**Student:** 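Got a structure for you, questions after.
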Amino acid sequence: MFGIHVPRYALVNREVPYQQLDYFIEEEDFVEVHGMRFWKPFVEKPIDGDNHSIMIYYPSSAGGGMKELFRKVGNRSSEFHPEVRRVRREGSYIYEEFMPTGGTDVKVYTVGPEYAHAEARKSPVVDGVVMRNPDGKEVRYPVLLTPAEKQMAREVCIAFRQSVCGFDLLRCEGRSYVCDVNGWSFVKNSHKYYDDAACVLRKMFLDAKAPHLSSAIPPILPWKVNEPVQPTEGLTRQGSGIIGTFGQSEELRCVIAVIRHGDRTPKQKVKLKVTEEKLLNLMLKYNGGRPRAETKLKSAVQLQDLLDATRMLVPRTRPDRESDSEAEGEHGEKLRQVKAVLEEGGHFSGIYRKVQLKPLKWIKVAKSNGEGEEERPVEALMVLKYGGVLTHAGRKQAEELGRYFRNNMYPGEGTGLLRLHSTYRHDLKIYSSDEGRVQMSAAAFAKGLLDLEGQLTPILVSLVSKDSSMLDGLDNASIEMKEAKARLNEIITSSSKTVHSDESPEFSWMVDGAGLPPNASELLPKLVSLIKKVTEQVRILAKDENEKLTETSLYDVIPPYDQARALGKTNIDVDRIASGLPCGSEGFLLMYARWKKLERDLYNERKERFDITQIPDVYDSCKYDLLHNAHLNLEGLDELFKVAQALADGVIPNEYGINPSQKLKIGSKIARRLLGKLLIDLRNTREEAISVAELKSNQDHDSSFPKTEKENTDAKPKHLNKNGELRKSITLNDISMDQDDDDDKETKYRLDPKYANVKTPDRHVRTRLYFTSESHIHSLMNVLRYCNMDESLQEEDSLVCYNALERLFKTKELDYMSYIVLRMFENTEVALEDPKRFRIELTFSRGADLSPLEKNDSEAASLHQEHTLPIMGPERLQEIGSCLTLEKMEMMFCPFAMPAEDFPPPATPAGFSGYFSKSVLERLVNLWPFHKHASHSNGK
């Protein structure tokens, strides 16, 4: 920046437009400047300070595209362009890493080095819609600064020698950064700010011209001396109606939700051994020429290379014709499937296709220079994973659920959550696993929750944090799950009874394999027969879908499905369906490959053996086609779904343990880190609430005793520090803000009550949303259900009441958008040390747990036309009127949760070493236009 080296910033300087620069490289997901690589998302700023056209470029894994930021025009401050993926080359630009700020920017205004006023506003990078009040002004609310931010304000003011100064602050990953210094700048609309500014400026003038009067004049305005203090509203609010109505003394403090992703396409995998020279050379090209190293192909360039090679290798015969060899025919069919998958959408947008090439056999060959020998791979295993993409229905479900949470999880407040959030009394963090469908579900949910507009990509990058270690993976319980599946297979295929004792169990869910249909072994052959019937129909539909017809005829009328543009869509592809094509990106060839693979994997005819682990996949495919491809009228699909559902309802819950003891063991291993984080969230909320209550109690106690005239006189000078400079007195909110720095290391926005026109400035709700997959939902639910079976908790009752245990046993499936919610309430009429001060409310939803065959009413029929199933409402996990204390919740979770001390400390964001050092600020001063002829005493 202006020749000064600042870490992770780089300048690309062009003397003429479109000048080719040797030191500048652009690839699909990064730019490289002088060897310094900036991965998307990154920011591109013109070096001309008067040019406010700033671009943010997004990674292909988030859907790609670019967002343009500009000075506000009407109610817009930015626009998203999904088709723009290349950076500008017509001028000179600064590149820097994008810093996610939770959708909020902070504007800081100093009046001298000892006074700083801060206001937060909605960031333009989220959806570009400017929030305005009835007077047409941008909505901003005063917020408290941390001690570190106050020191930044002081240093900026002194370094730039600008007493009245405005600058922009970004809060990212627990740290704050100054991103722009504006110079002479005032707050737009705050009477309190102008009163303070008047006092500060008056003192500065008196110190300079009449120091003998400075200490004699009170530091407040004359007409403010006897102004009565306006009391604030109490912090009470009526409890939720989900569990039951509680007294006015209960205040909602925390909402925690663990949510499964929305409706997705079936997950697919193609495995084939390849010996073709083109594919082996491609593997060597991307693994650095190492003959025994595997290669993963993900980027657009890599996948395009693979597609080019595959197109040359695909046999010209059609997939339904007999080949000279069964093995050759199967290999050619798989190559054709790989080609079809890679051609989906016309371009590689969004990482929903991944290819792995792993060498299997090698030979020794002479080196090209004739000096000795080297290894050369002659066979490799190619694994292509695709599918599992969030559908238009999944996006709609997530957005609808976000709206439901907004309107129902935050009772009171009149305008509910949006009022809390817009006034910075709502501390929101959203976490997601690494899977694309989960991330997009989180973004769509955030869109509905916060009433945002536009595409999902900017929302995803701005508001959603990835945490794969907490929300991904089954590795920790892989051995136990393998044992559970083996036992499950034994129970089903041997027709053995699920109960192996003479005594009848006390509860129906306590036996091994509970929930399996008694005739499971008889249903398996029927399942295979019905799959073959459906597969044959799809084969006929795919017969004419070869390369030539697809490219020159069909897609001339119906363009290929565009995955990138579909990211924000919540409606069906009417044109494709009207043309008799499958919904979404899948063509008939891939649809046939999907069903054929299920047919082969479910039953091995040569070994005469069933693989019950394929039952959930069969069920997923049936449900998907009944919902999205009903217009294809596949005969027997309805009956196949019923059989698959009967088996899946027993298999899926038992994959996570065939009895409560094993379910608890597996669940605690998979969800250990998540359980630990939930406890951290609840404990931090409690500590914050207690701190606020104690400080408020002390303030109320002090104000209840009238002060003498001498005490009032003595108190006034305390507004001045030892140098006679005005300082702000410490308030409840200053202290709570400073304490927040230690609360799970997350920087929070807190409303400043002295400047806010809000009746209840002390009200504050913490929301933590965790988006994950089916495995973590089942695991968390199993710990909730069965945690009292641990040896250390044998005498304790379950966290879940008996009626809820019965309902959960009958529920079977926790479907798309199923969720578990923990809400913590504080009873302000109970003593702080009383365990009943903090109460936990547990609810869950089965998600979109409605059969696609349900068409009983007009609402169901309408939903079927939109290919979307409704999400079931929340159900209680406790008896009405019961009181689950936070103390009890902690005791029940602790044996299974990762201890707080085991969580690694938050890492500094890559590439950022902190805000400008003092030396950098001093060097920047020479470039500052506002004070070139100003004296050095200006900031004193």
Side-chain angles (χ1 to χ4, degrees), residues 266-271 319-320 322 326 329-330 333-334 481-500 511-542 590-627 629-630 632-656 658 774 810 812-813 815 851-853:
K267 291 186 288 185
Q268 297 290 291
K269 184 188 293 185
V270 183
K271 284 185 178 182
D320 58 304
E322 293 297 326
E326 183 180 343
E330 184 177 337
E333 183 182 325
K334 287 185 175 180
M481 289 190 71
K482 189 174 181 180
E483 291 172 356
K485 289 176 181 178
R487 174 67 181 128
L488 194 58
N489 189 73
E490 178 188 334
I491 293 173
I492 293 176
T493 56
S494 65
S495 301
S496 59
K497 295 182 179 179
T498 57
V499 181
H500 297 282
V511 300
D512 285 5
L516 286 169
N519 61 338
S521 60
E522 299 169 12
L523 291 176
L524 284 173
K526 188 175 183 180
L527 189 69
V528 172
S529 174
L530 289 167
I531 285 179
K532 288 183 175 180
K533 183 177 181 180
V534 170
T535 303
E536 176 60 19
Q537 293 175 74
V538 180
R539 185 190 70 81
I540 295 170
L541 289 171
L590 292 181
M591 189 177 179
Y592 169 66
R594 166 162 59 91
W595 279 105
K596 188 65 179 177
K597 184 176 186 299
L598 288 172
E599 178 187 316
R600 286 174 177 160
D601 293 348
L602 180 64
Y603 182 66
N604 188 317
E605 293 186 350
R606 183 171 59 83
K607 296 181 180 179
E608 297 184 342
R609 188 171 65 193
F610 294 98
D611 182 358
I612 63 151
T613 62
Q614 299 298 316
I615 290 173
D617 291 338
V618 174
Y619 173 65
D620 278 351
S621 271
C622 290
K623 190 169 186 177
Y624 177 82
D625 283 336
L626 275 176
L627 185 62
N629 290 322
L632 300 179
N633 298 312
L634 297 175
E635 186 181 345
L637 186 61
D638 289 14
E639 189 180 359
L640 173 59
F641 172 77
K642 291 175 183 176
V643 175
Q645 184 180 39
L647 288 165
D649 282 351
V651 169
I652 293 173
N654 281 290
E655 285 186 323
Y656 302 98
I658 60 166
E774 180 183 44
K810 294 174 182 176
K812 312 296 185 185
E813 184 179 16
D815 214 319
S851 168
L853 300 178

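The structure presented is a predicted model; accordingly, all values stated were derived computationally and were not measured. All residue numbers refer to positions in the sequence shown, counting from 1.
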**Student:** Could you walk me through whether Leu541 and Tyr592 pass the side chain to side chain contact (heavy atoms under 4.5 Å, CB included) test, one step at a time?
**Tutor:** CA-CA 8 Å; Leu541 289 171; Tyr592 169 66; over 6 Å; no
**Student:** Once side-chain contact (heavy atoms from CB on, under 4.5 Å) is applied, do any residues pair with Thr613, and if so which ones, sequence neighbours excluded?
**Tutor:**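 side-chain contact (heavy atoms from CB on, under 4.5 Å) check on Thr613 returns Lys485, Asp611.
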**Student:** One pair to check against side chain to side chain contact (heavy atoms under 4.5 Å, CB included): Asp625 and Trp595. What are the steps and the verdict?
**Tutor:** CA-CA 11 Å; Asp625 283 336; Trp595 279 105; 2.9 Å; yes
**Student:** Under the salt bridge (Lys or Arg N to Asp or Glu O under 4.0 Å) rule, collect the residues that match up with Asp620, sequence neighbours excluded.
**Tutor:**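 Asp620 satisfies salt bridge (Lys or Arg N to Asp or Glu O under 4.0 Å) with Arg264 only.
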**Student:** Which residue pairs pass the salt bridge (Lys or Arg N to Asp or Glu O under 4.0 Å) test when at least one of the two sits in residues 638-653, sequence neighbours left out?
**Tutor:**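 For residues 638-653, and leaving out neighbouring residues, the salt bridge (Lys or Arg N to Asp or Glu O under 4.0 Å) pairs sorted by first residue read Lys526-Glu639.
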**Student:** By the definition side-chain contact (heavy atoms from CB on, under 4.5 Å), identify the one residue from Leu626, Val534, Thr535 that meets it with Leu634.
**Tutor:**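 Of Leu626, Val534, Thr535, side-chain contact (heavy atoms from CB on, under 4.5 Å) with Leu634 is met by Val534 alone.
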**Student:** List the residues meeting salt bridge (Lys or Arg N to Asp or Glu O under 4.0 Å) with Lys267, not counting sequence neighbours, and say none if there are none.
**Tutor:**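 Checked Lys267 against salt bridge (Lys or Arg N to Asp or Glu O under 4.0 Å); zero matches.
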**Student:** According to the ring pair (Phe, Tyr, Trp, His ring centres under 6.0 Å) rule, which pairs have a member within residues 599-618, sequence neighbours left out?
**Tutor:**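 For residues 599-618, and leaving out neighbouring residues, the ring pair (Phe, Tyr, Trp, His ring centres under 6.0 Å) pairs sorted by first residue read Tyr603-Phe610.
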**Student:** Output yes when Glu330 and Lys334 qualify as a salt bridge under the 4.0 Å nitrogen-oxygen rule, no when they do not.
**Tutor:**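 Salt bridge present between Glu330 and Lys334.
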**Student:** Kindly determine whether Glu774 and Ile652 satisfy side chain to side chain contact (heavy atoms under 4.5 Å, CB included), including the steps that lead there.
**Tutor:** CA-CA 10 Å; Glu774 180 183 44; Ile652 293 173; 3.4 Å; yes
**Student:** Side chain to side chain contact (heavy atoms under 4.5 Å, CB included), that's the test. Do Ile612 and Leu647 meet it? Break it down for me.
**Tutor:** CA-CA 9 Å; Ile612 63 151; Leu647 288 165; over 6 Å; no
**Student:** To the nearest 0.5 Å, what is the distance between SG (Cys622) and CG (Leu527)?
**Tutor:**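 Atom-to-atom, Cys622:SG and Leu527:CG are 7.5 Å apart.
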**Student:** Rounded to the nearest 0.5 Å, what separation is found between the CG atom of Leu637 and the CG atom of Leu530?
**Tutor:**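 So the gap between those two atoms works out to 9.5 Å.
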**Student:** So do Leu516 and Leu488 actually touch side chain to side chain, heavy atoms under 4.5 Å?
**Tutor:**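 Leu488 vs Leu516: side chains touch.
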**Student:** Enumerate the residue pairs fulfilling salt bridge (Lys or Arg N to Asp or Glu O under 4.0 Å) with a member in residues 598-610, sequence neighbours excluded, ordered by first and then second residue.
**Tutor:**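 Of all non-adjacent pairs touching residues 598-610, those that pass salt bridge (Lys or Arg N to Asp or Glu O under 4.0 Å) are Lys532-Glu605, Lys596-Glu599, Lys597-Asp601.
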